[in-house]
S.K.: 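My questions all concern the structure below.
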There are 2 protein chains.
Amino acid sequence: MSQDIPVTGYAILGLLTFGDELTGYEIKQRADVTLRFYWVSPAMSQIYTELRRLADHGLVRADSRADGGRDVTTYAITAAGEDALRSWMDETPAGFPVLKHTVLLRLLVGHATEPQQSRRMLHDYLIELDQALHDLSEVRESLRGADGHGQPFRFPSLVADWGLDHFAAEARHARRALESLAETDSETDSETDSETGGGGGRAAE
Amino acid sequence: MSQDIPVTGYAILGLLTFGDELTGYEIKQRADVTLRFYWVSPAMSQIYTELRRLADHGLVRADSRADGGRDVTTYAITAAGEDALRSWMDETPAGFPVLKHTVLLRLLVGHATEPQQSRRMLHDYLIELDQALHDLSEVRESLRGADGHGQPFRFPSLVADWGLDHFAAEARHARRALESLAETDSETDSETDSETGGGGGRAAE
DNA sequence: ACAGCCATGTAACTCGTTACATGATTAC
DNA sequence: GTAATCATGTAACGAGTTACATGGCTGT
């Protein structure tokens, strides 16, 4: 029946379970602050496409009203939508997370360029991680006060904490890799040297 | 010039920097054991498509020879391919990793179904993580002996260690979330006098 | 003999993106 | 008045998937 809904559709459906009626535009904004960390932030056009599909399936109810001179459409999840979401969660396996980690992909073939390029990349990544940690922290703070047991933001808080830890771990890994590459660098001039470089590592920055 | 190559193309190019000439089939196998953890494991058809494109751009050299009754084509990276890979790594920003984490997506909207469903999902995820950790450990072990400074598997080892830590962290997060959900559960029946479904089974680990 | 792996492709299709187009409201 | 934000779409396209098709080689 409603088997042919892509995951992003369920993600949007999920955003609508938090109570409010939202416009496509607002859904995009919510996705930008939360969904983007664990899934993706779909393009506007994709959101409208998906909302159309969900409406066709009766999973959301579209309310168009003229707000002044423009037509604004808000969307709310229907009972059928809640059913569909639940059966998706209960019956289809979640599947293993997919990581499209360009930083790791490049590090994997680090021998294809100068080590300093890998270090630069890791350094850039650390800066971006800092930003992500900052953004996600703000989200997490905004959930406080309603993150208790039966409260509305219990699950989002759980997920935000997971995400914060994840980014912190990424930063640790990036720093560790940087240290390791710093050793490589100071050894570079001494040509092929097979002994383990535990000794005189130099401070990076 | 060669601007229009998707990341997967560079990933394949990267696999070819480790020395051997590979067939499309072999590239798929290598991708299945390494790339899949940090990028994706492309479908066979995608690999052949990409190899065609890389060959058209002169970034790989295709060697077709008749091996018995069948035509087997092996691919090797060219000097132009090495240049292209290096300038991609040096000149284009890596970008923030994209995480398509269906488990977290579902946990985010955990209020849309029974808590036990979220727990089941996390439990399943832990099992899959175990498998991933096992698989990646084997890869990591296979790199030992050539993971030193100037050695061929230095970077893959760095990345494998990163990945192992990443999966270990994921397992920690999943367990923490499970504990948190277990609390929720035990509070649920004492608070409201709703009927308790199954006889108070408490399995934990 | 038959299953399973090796090996290579084509075709149809879907998700999602970028670019383009439109227009109204709000803030400076 | 003009820039930013709100709001909604269409069109072209690209990456990647599944399904299909083919056939040789290898081990039992």
Side-chain angles (χ1 to χ4, degrees), chain A residues 2-13 20-33 35-36 39-57 60 62-75 88 95-96 98-100 102 105, chain B residues 2-13 20-33 35-36 39-57 60 62-75 88 95-96 98-100 102 105:
Chain A
S2 48
Q3 217 74 310
D4 43 354
I5 290 179
V7 181
T8 300
Y10 289 107
I12 290 173
L13 222 42
D20 329 271
E21 294 201 8
L22 301 174
T23 67
Y25 193 89
E26 288 168 329
I27 289 174
K28 168 66 172 164
Q29 291 178 316
R30 304 268 176 122
D32 280 345
V33 290
L35 267 191
R36 81 154 203 258
W39 187 244
V40 283
S41 211
M44 283 290 352
S45 63
Q46 177 67 4
I47 286 177
Y48 287 117
T49 305
E50 217 55 62
L51 283 170
R52 161 89 56 106
R53 171 164 22 203
L54 292 171
D56 287 349
H57 285 254
V60 298
D63 253 328
S64 297
R65 85 186 100 232
D67 171 29
R70 62 179 151 181
D71 264 10
V72 174
T73 308
T74 55
Y75 296 86
W88 173 67
F96 204 74
V98 173
L99 190 55
K100 300 190 108 179
T102 342
L105 176 61
Chain B
S2 48
Q3 217 75 309
D4 43 355
I5 290 178
V7 181
T8 300
Y10 289 108
I12 291 173
L13 222 41
D20 329 270
E21 293 201 8
L22 301 174
T23 68
Y25 193 89
E26 288 169 328
I27 288 174
K28 168 67 172 165
Q29 291 180 315
R30 304 270 174 120
D32 280 344
V33 290
L35 266 190
R36 82 157 204 260
W39 187 244
V40 282
S41 210
M44 285 290 348
S45 63
Q46 177 66 7
I47 287 177
Y48 287 118
T49 304
E50 217 55 62
L51 283 170
R52 161 87 58 101
R53 174 169 14 209
L54 292 171
D56 286 349
H57 284 255
V60 299
D63 253 328
S64 297
R65 88 187 96 234
D67 171 28
R70 63 179 152 180
D71 264 10
V72 173
T73 309
T74 55
Y75 295 86
W88 173 67
F96 204 74
V98 172
L99 190 54
K100 299 188 112 180
T102 342
L105 176 61

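We name chains A, B, ... by the order of the sequence lines, and we start the count at 1 in each one.
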S.K.: Within this structure, what is the CD1-to-P distance between B/Ile47 and C/dC6, rounded to whole angstrom?
M.R.: 14 Å

S.K.: Is any side-chain nitrogen or oxygen of A/Tyr48 closer than 4.0 Å to OP1 or OP2 of D/dG9?
M.R.: no

S.K.: Just the rounded figure in Å: distance from P of C/dT17 to CD of A/Gln46.
M.R.: 6 Å

S.K.: Whole angstroms only, please: what is the CZ-C1' distance between B/Arg53 and D/dG16?
M.R.: 11 Å

S.K.: Which part of the nucleic acid, if any, lies within contact of B/Ser41, taking any heavy atom under 4.0 Å across all strands shown: a base, the sugar-phosphate backbone alone, or nothing?
M.R.: sugar-phosphate

S.K.: Strictly distance-based, threshold 3.5 Å: is any side-chain N or O of B/Lys28 a donor or acceptor partner for the main-chain N or O of B/Pro42?
M.R.: yes

S.K.: Please determine if a side-chain N or O atom of B/Gln29 lies less than 4.0 Å away from the OP1 or OP2 oxygen of C/dC5.
M.R.: no

S.K.: Please say which of B/Thr8, B/Leu51, B/Val60 ends up in a side-chain contact (heavy atoms from CB on, under 4.5 Å) with B/Leu13.
M.R.: B/Val60

S.K.: When you match B/Lys100 and B/Thr74 each to their closest nucleotide on DNA chain C, which lands nearer the 5' end?
M.R.: B/Thr74

S.K.: Considering only heavy atoms and no angle criterion, is a donor-acceptor pair shorter than 3.5 Å present between the side chain of B/Arg70 and the base of D/dC25?
M.R.: no

S.K.: Of the options C/dA7, C/dC15, C/dT17, whose atoms approach the side-chain atoms of A/Pro6 most closely?
M.R.: C/dC15

S.K.: Roughly how many Å is it from CZ in A/Arg52 to C1' in D/dA11, rounded to a whole number?
M.R.: 14 Å

S.K.: Any side-chain N or O of A/Thr73 under 4.0 Å from OP1/OP2 of D/dA7?
M.R.: no

S.K.: What is the distance from CH2 of A/Trp39 to P of C/dT17, rounded to the nearest Å?
M.R.: 11 Å

S.K.: Could you walk me through whether B/Glu50 and B/Ile27 pass the side-chain contact (heavy atoms from CB on, under 4.5 Å) check?
M.R.: CA-CA 11 Å; B/Glu50 217 55 62; B/Ile27 288 174; over 6 Å; no

S.K.: Is it the case that the base of C/dT18 and the side chain of A/Ser45 share a donor-acceptor contact (distance under 3.5 Å, atom types as modelled)?
M.R.: yes

S.K.: Looking only at side chains, do A/Ser41 and A/Asp32 share a donor and an acceptor under 3.5 Å apart?
M.R.: yes

S.K.: To the nearest angstrom, how far is B/Lys28 atom NZ from C/dC5 atom C1'?
M.R.: 15 Å

S.K.: Once you round it to whole Å, what is the distance between C1' of C/dT25 and CG of A/Asp67?
M.R.: 9 Å

S.K.: Given atom CD of A/Glu50 and atom P of D/dT8, what is their separation to the nearest angstrom?
M.R.: 16 Å

S.K.: Could you tell me whether the side chain of B/Glu26 and the main chain of B/Thr23 form a donor-acceptor pair under 3.5 Å?
M.R.: yes

